[in-house]
Amino acid sequence: MTDTPAIAAELRRLLPHAHAPYSGVQVAAAVEGADGRVHYGVNVENAAYPQGLCAEASAISAAVTSGTKTLRRVYVASSLPGLVWPCGGCRQKIFEFSTPGCVVVTVGRDGQTASATIEALLPHGFRLDPADVRRI
């Protein structure tokens with residue numbers, strides 16, 4: 001089991017690394033692979049909207065780059081008060097890489113957390129069998 005307080009602390013440490021000159025909202029995310037390794041990312045905004053990256057997509061990219069393609073847990077924190085959840089596009093990205101029952105944990109500035117499975121956040125997520133892609 002991953003150490004949620006340690007990951008939450010690392011997310012808070014990474015928030016200033018976000019590139020958010022347009023929205024001013026800093027977001028950091030962590031994804032835990034099925035192998036137990038944790039990969040981090042931050043949001044990177046771009047003037048050519050929507051070409052920026054959400055923190056969750058950035059963390060997933062870091063995981064895939066290191067060879068991890070199966071997620072069992074996702075964490076997200078932001079500079080906003082309260083709790084934030086992944087956007088719809090990131091929910092789909094998480095769904096595609098997750099094991100069934102993958103837990104998404106949101107971490108507030110005050111240390112408050114909440115969690116939900118990716119299936120609860122995206123009840124009809126789309127998962128294409130890689131064998132089907134080869135037939136297209």
Pairing residues for Pro21 by the side chain to side chain contact (heavy atoms under 4.5 Å, CB included) criterion, not counting sequence neighbours: His19, Glu45
From Thr113 atom OG1 to Leu83 atom CG, the distance as rounded to the nearest 0.5 Å: 8.0 Å
Separation of Ser78 OG from Gln26 CD (nearest 0.5 Å): 9.0 Å
Hydrophobic cluster identity match, Val38 and Leu11, side-chain contacts under 4.5 Å: yes
Shared-cluster residues of Val31, by chain and number - hydrophobic side chains joined below 4.5 Å: Ile60, Val64, Leu71, Val74, Trp85, Ile94, Phe95, Phe97, Val104, Ile118, Leu121, Leu122
Minimal non-hydrogen separation, Ala116 against Ala120, with atom names: CB-CB, 4.5 Å
Spatial distance of atom CD (Glu56) from atom CG (Asn43) [nearest 0.5 Å]: 8.5 Å
Point-to-point distance, once rounded to the nearest 0.5 Å, from CD of Glu32 to OG of Ser98: 13.0 Å
Close side-chain approach of Val42 and Leu15, heavy atoms under 4.5 Å: no
Cluster overlap Tyr22 with Val44, hydrophobic side-chain contacts below 4.5 Å: no
Expected output: side-chain Arg73 to main-chain Val103 donor-acceptor under 3.5 Å: no
Interatomic spacing from SG in Cys87 to NZ in Lys93 - rounded to 0.5 Å: 6.5 Å
Polar contact flag, side-chain donor to acceptor under 3.5 angstrom, Arg72-Thr99: no
same_hphob_cluster(Val107, Ile7) at 4.5 Å side-chain heavy-atom cutoff: yes
Qualifying residues under side chain to side chain contact (heavy atoms under 4.5 Å, CB included), relative to Glu10, sequence neighbours excluded: Arg13, Leu14, Tyr40
Donor-acceptor contact present, side-chain Ser58 to main-chain Cys54, <3.5 Å: no
Under 3.5 Å: donor-acceptor pair, side chain of Ser66, backbone of Ala63: yes
